[in-house]
Amino acid sequence: MSGLIYLDVSQNSIEGEVPSVIGGLKAIVELYLFSNHFSGMIPSRLGELQNLQSLDLSNNSFFGLIPLSFANLINLEFLNLSLNALSGSIPMSLEKLSYLKSINVSFNGLEGVIPSGGVFANSTLQSFLGNKGLCGAHILEIPACAITNPGQQSKLKEIVLKIVTPVIISSFLIFLLVSIWIMKQKKKGKSKDVKKVLEIGTYQFVSYHEIQRATNSFDESNLIGVGSSGSVYKGTLSGGSVVAIKVLDLENEQVCKRFDTECEVMRNVRHRNLVPVITTCSSDYIRAFVLRYMPNGSLENWLYREESHLNLLQRVAIMLDVAVAIEYLHHGHNIPIVHCDLKPANVLLDEEMVAHVGDFGISKILAISKSMAYTETLGTLGYIAPEYGSEGIVSASGDVYSYGIMLMEVLTKRRPTDEDICNENLDLRKWITQSFSGTMMDIVDANLFSEEEQITSKSEICIASVIELALDCTKEMPESRITMEDVVKRLSKIKNAFLEA
């Protein structure tokens with residue numbers, strides 16, 4: 001693929017070393033390998049990619065030195081090597097990359113002098129955090145490098161003995177008094193400004209003041225939505241990144257517990273169909289998640305806003321994305337995770353209408369030896385599995401039930417709590433089962449097809465197959481329901497059959 005100009009395989013679970021033949025991508029302009037499980041040394045042949053403008057290898061397990069060949073990347077503008085296990089020093093030759101605007105080598109094992117020219121002249125502390133061996137006088141809070149010249153050392157010693165020592169002795173008592181006063185002042189004001197950043201496989205850090213600035217002091221014009229657990233704002237970080245900031249309601253004790261749960265879950269998961277958490281902020285008076293901004297909002301908005309319409313293929317594709325995400329939570333690693341609150345409001349859509357599942361506030365991480373757990377924390381009425389609502393039993397099959405309800409809702413544009421359903425003492429499943437005996441088009445959303453669009457037999461087969469799948473997901477007994485692995489296989493076949501000419 002020597003003509004390839006853009007490659008993004010980020011946020012997957014790719015293992016092993018990056019093959020050296022990657023140097024054959026001579027035309028590549030942007031290369032993103034971040035958030036995988038790559039290991040080994042960074043191939044020196046990457047230095048042959050002279051058209052490369054953006055290179056992101058962050059959040060992997062690369063070790064060894066930063067290749068000296070990077071000095072040949074004459075068109076490079078952005079370089080991110082953070083969150084690896086790199087060692088040695090930062091090559092001084094990187095100063096000569098005249099187009100390089102941003103570099104991040106934080107959270108590695110680098111040591112030695114930070115170069116001061118080129119991109120390094122305008123770099124900040126955040127680009128070098130987590131490297132205990134780095135030094136350099138031109139960046140605040142980075143320790144100055146030790147003097148190694150013997151002549152300079154002896155001169156310095158002489159100055160210290162003749163001038164500095166007498167000054168220190170004479171001001172010792174004053175220093176003690178001032179220190180005591182400063183400590184008292186710090187104790188008074190400390191709680192308001194302290195931030196606690198929980199690392200969730202990321203390289204960006206924010207304080208409360210940054211969040212306040214990004215949202216224009218939580219101005220209503222930036223408010224995206226309000227839920228039972230808090231509010232979500234659109235914000236722009238100082239680096240220019242547009243993000244969604246979920247600020248939790250601290251007056252709700254249950255919500256504060258969910259913050260810790262969500263942090264724990266996000267440490268264990270990473271998938272292209274889960275909402276990426278960039279970082280968190282926690283202090284005495286704020287708990288907030290900084291999330292990737294999803295410009296197309298929630299699935300709920302697309303279903304119920306008058307100006308928004310999704311066709312049949314879009315709805316099937318979105319629900320397939322959701323199924324893949326939940327399959328990953330249930331079966332993608334050793335410890336199964338149950339979401340517990342699947343609903344359209346917790347499915348967000350990016351700029352390409354790809355679905356991402358979010359809000360893990362009441363999720364449960366199941367022990368390896370257990371397939372279910374008991375809890376007093378419930379999800380959302382209408383989506384809760386019968387055994388979850390009555391006995392507090394949490395299991396993967398409970399998520400399958402909620403997913404099945406969502407499938408029905410997406411096709412019918414009927415909430416499981418709609419009055420005309422509840423008034424007849426029915427749930428959404430029973431309502432569909434009773435209504436399904438008539439014509440299929442009587443129960444699906446009227447906006448599923450445009451006025452000009454002809455309803456084909458292929459469309460009807462697709463709808464019938466999806467409803468059948470939803471019914472298999474929502475069977476009364478948990479053991480009778482299919483698994484999310486089965487859901488993904490069946491819905492993939494349904495989608496592919498619909499797309500066939």
Undergrad: Return a table of donor-acceptor pairs under 3.5 angstrom between the side chains of residues 61-72 and protein atoms on other chains or two or more places apart.
TA:
unit_1: Ser69; atom_1: OG; unit_2: Ser44; atom_2: O; d: 2.6
unit_1: Asn72; atom_1: ND2; unit_2: Ser69; atom_2: O; d: 3.4

Undergrad: Of all heavy-atom pairs between Asn84 and Ser58, which one has the smallest distance, and what is that distance?
TA: ND2-CA, 3.8 Å

Undergrad: Counting C-beta onward and ignoring hydrogens, is there a side-chain heavy-atom pair between Tyr401 and Ser395 closer than 4.5 Å?
TA: no

Undergrad: What are the two closest non-hydrogen atoms of Val466 and Leu491, and how far apart are they?
TA: CG2-CD1, 4.2 Å

Undergrad: Is there a donor-acceptor contact under 3.5 Å from the side chain of Asn108 to the main chain of Val105?
TA: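 Side chain of Asn108 to backbone of Val105: a pair is present.
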
Undergrad: Please check if the side chain of Asp399 supplies one atom and the backbone of Ala396 the other of a donor-acceptor pair under 3.5 Å.
TA: no

Undergrad: Could you tell me which residues satisfy salt bridge (Lys or Arg N to Asp or Glu O under 4.0 Å) with Glu300, sequence neighbours excluded, listed by chain and number?
TA: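 Listed in chain order: Arg415.
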
Undergrad: Ignoring hydrogens and geometry, is there a side-chain-to-backbone donor-acceptor pair from Trp302 to Gly297 under 3.5 Å?
TA: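 Not a single qualifying donor-acceptor pair exists.
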
Undergrad: With sequence neighbours excluded, tell me which residues meet side-chain contact (heavy atoms from CB on, under 4.5 Å) with Asn301.
TA: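 For Asn301, the residues satisfying side-chain contact (heavy atoms from CB on, under 4.5 Å) (neighbours in sequence not counted) are Ser298, Arg305.
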
Undergrad: If you apply the rule side-chain contact (heavy atoms from CB on, under 4.5 Å), what do you find for Ile482 with Val487, and how did you get there?
TA: CA-CA 7 Å; Ile482 60 176; Val487 171; 3.6 Å; yes

Undergrad: State whether the side chain of Asn36 and the backbone N or O of Ile14 hold a donor-acceptor pair below 3.5 Å, judged by distance alone.
TA: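 Answer holds: yes.
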
Undergrad: Strictly distance-based, threshold 3.5 Å: is any side-chain N or O of Ser127 a donor or acceptor partner for the main-chain N or O of Ser123?
TA: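 Such a contact is absent between Ser127 side chain and Ser123 backbone.
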
Undergrad: Supply the atom-to-atom distance Ile74 CD1 to Leu52 CG, rounded to the nearest 0.5 angstrom.
TA: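 Reported value, rounded in 0.5 Å steps: 11.5 Å.
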
Undergrad: His356 and side chain to side chain donor-acceptor pair (under 3.5 Å): which partner among Asp321, Asn273, Asp350?
TA: Asp350

Undergrad: Closer than 3.5 angstrom, by distance alone: can the side chain of Asn131 be matched with the main-chain N or O of Phe128 as a donor-acceptor pair?
TA: yes

Undergrad: Strictly by salt bridge (Lys or Arg N to Asp or Glu O under 4.0 Å), give each pair with a member in residues 5-27 just once, sequence neighbours left out.
TA: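 Listed by first then second residue: Lys26-Glu48.
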
Undergrad: Roughly how far apart are Met1 CE and Ile22 CD1, rounded to 0.5 Å?
TA: 9.0 Å

Undergrad: How many angstroms lie between OG in Ser35 and CG in Leu57, if you round to the nearest 0.5 Å?
TA: 11.5 Å

Undergrad: Flag the pair Ile245 / Val243 as yes when at least one side-chain heavy-atom distance between them is below 4.5 Å, and no otherwise.
TA: yes

Undergrad: One pair to check against side-chain contact (heavy atoms from CB on, under 4.5 Å): Gln53 and Phe78. What are the steps and the verdict?
TA: CA-CA 6 Å; Gln53 294 176 8; Phe78 301 97; over 6 Å; no

Undergrad: Closer than 3.5 angstrom, by distance alone: can the side chain of Asn80 be matched with the main-chain N or O of Asp56 as a donor-acceptor pair?
TA: no

Undergrad: List in chain and number order the residues that pass side-chain contact (heavy atoms from CB on, under 4.5 Å) with Lys234, two or more places apart in sequence or in another chain; answer none if no residue qualifies.
TA: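 side-chain contact (heavy atoms from CB on, under 4.5 Å) check on Lys234 returns Ile224, Val242, Tyr293.
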
Undergrad: Between Leu79 and Leu76, is any pair of side-chain heavy atoms under 4.5 Å apart?
TA: yes

Undergrad: Between CG of Leu86 and CE of Met41, what distance do you get to the nearest 0.5 Å?
TA: 9.0 Å

Undergrad: Please give me the minimum heavy-atom distance between Val347 and Ala355, naming the atom from each residue.
TA: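 So the minimum-distance heavy-atom pair works out to CG1-CB, 3.8 Å.
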
Undergrad: By the salt bridge (Lys or Arg N to Asp or Glu O under 4.0 Å) test, which pairs, at least two apart or in different chains, include something from residues 70-82?
TA: Glu77-Lys101

Undergrad: For Phe218, check ring pair (Phe, Tyr, Trp, His ring centres under 6.0 Å) against everything at least two apart and list the hits.
TA: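 Ring pair (Phe, Tyr, Trp, His ring centres under 6.0 Å) list for Phe218, sorted by chain: Tyr233.
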
Undergrad: Minimum heavy-atom separation for Glu409 and Leu428, please, with both atom names.
TA: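 What the structure gives for the nearest pair is N-CD2, 3.9 Å.
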
Undergrad: Between Ser87 and Leu110, which heavy-atom pair has the shortest distance, and what is it?
TA: O-CD2, 3.4 Å

Undergrad: Any non-hydrogen side-chain atom of Met406 less than 4.5 Å from a side-chain atom of Met319?
TA: yes

Undergrad: Measure the shortest side-chain to side-chain distance between Leu320 and Ser492 over non-hydrogen atoms and say whether it is less than 4.5 angstrom.
TA: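 Yes, side chains in contact.
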
Undergrad: Start with the C-alpha gap between Ser402 and Ile384, add the side-chain angles, then the distance that decides, and say whether side-chain contact (heavy atoms from CB on, under 4.5 Å) holds.
TA: CA-CA 6 Å; Ser402 302; Ile384 302 171; over 6 Å; no

Undergrad: Residues in ring pair (Phe, Tyr, Trp, His ring centres under 6.0 Å) with Tyr6, at least two apart?
TA: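 Scan of Tyr6 (ring pair (Phe, Tyr, Trp, His ring centres under 6.0 Å), adjacent residues dropped) gives Tyr32.
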
Undergrad: Under a 4.5 Å cut-off applied to non-hydrogen side-chain atoms, are Phe107 and Ser82 in contact?
TA: no

Undergrad: Give the minimum heavy-atom separation between Asp445 and Arg315, together with the two atoms involved.
TA: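 In this case the closest contact between Asp445 and Arg315 is OD2-NH2, 2.8 Å.
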
Undergrad: Rounded at 0.5 Å granularity, tell me how far CD1 in Ile326 sits from NE2 in His339.
TA: 6.0 Å

Undergrad: Would you say Asn346's side chain and Asp341's backbone share a donor-acceptor pair under 3.5 angstrom?
TA: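 Judged by distance alone, yes, a pair lies under 3.5 Å.
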
Undergrad: Are side-chain heavy atoms of Asn75 and Val29 found at a separation under 4.5 Å?
TA: no

Undergrad: Enumerate, atom names and distances included, each donor-acceptor pair closer than 3.5 Å involving a side-chain atom of residues 93-100, sequence neighbours excluded.
TA:
unit_1: Glu95; atom_1: OE2; unit_2: Ser116; atom_2: N; d: 3.1
unit_1: Glu95; atom_1: OE2; unit_2: Gly117; atom_2: N; d: 2.8

Undergrad: Which residues satisfy the salt bridge (Lys or Arg N to Asp or Glu O under 4.0 Å) test with Glu351, sequence neighbours excluded?
TA: Arg292

Undergrad: Output the distance between atom CD1 (Ile467) and atom CD1 (Ile432), rounded to the nearest 0.5 Å.
TA: 5.5 Å

Undergrad: In terms of heavy-atom contacts, does CD of Gln212 have more than 12 from other residues, nucleotides or ligands at under 6.0 Å?
TA: yes

Undergrad: For Leu313, does its backbone N or O pair with a side-chain atom of Asn311 as donor and acceptor, under 3.5 Å?
TA: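 Between the backbone of Leu313 and the side chain of Asn311 there is a qualifying donor-acceptor contact (under 3.5 Å).
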
Undergrad: Verify, without hydrogens or angle tests, whether Ser89 (side chain) and Pro91 (backbone) share a donor-acceptor contact under 3.5 angstrom.
TA: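 It does not hold such a pair.
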
Undergrad: I'd like to know if Arg481 and Glu387 make a salt bridge, using a cut-off of under 4.0 Å between side-chain N and carboxylate O.
TA: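 Result for this pair is yes, salt bridge flagged.
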
Undergrad: What do the steps show when you test Leu31 against Leu46 for side-chain contact (heavy atoms from CB on, under 4.5 Å), and what is the final call?
TA: CA-CA 10 Å; Leu31 178 59; Leu46 283 174; 3.9 Å; yes

Undergrad: Any non-hydrogen side-chain atom of Leu349 less than 4.5 Å from a side-chain atom of Ile318?
TA: yes

Undergrad: Holding to side-chain contact (heavy atoms from CB on, under 4.5 Å), I want the full list of residues that pass it with Lys489, two or more places apart in sequence or in another chain.
TA: none

Undergrad: Name all residues meeting the salt bridge (Lys or Arg N to Asp or Glu O under 4.0 Å) criterion together with Arg429; count only those two or more places apart in sequence or in a different chain, and write none if there are none.
TA: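 Listed in chain order: nothing, the list is empty.
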
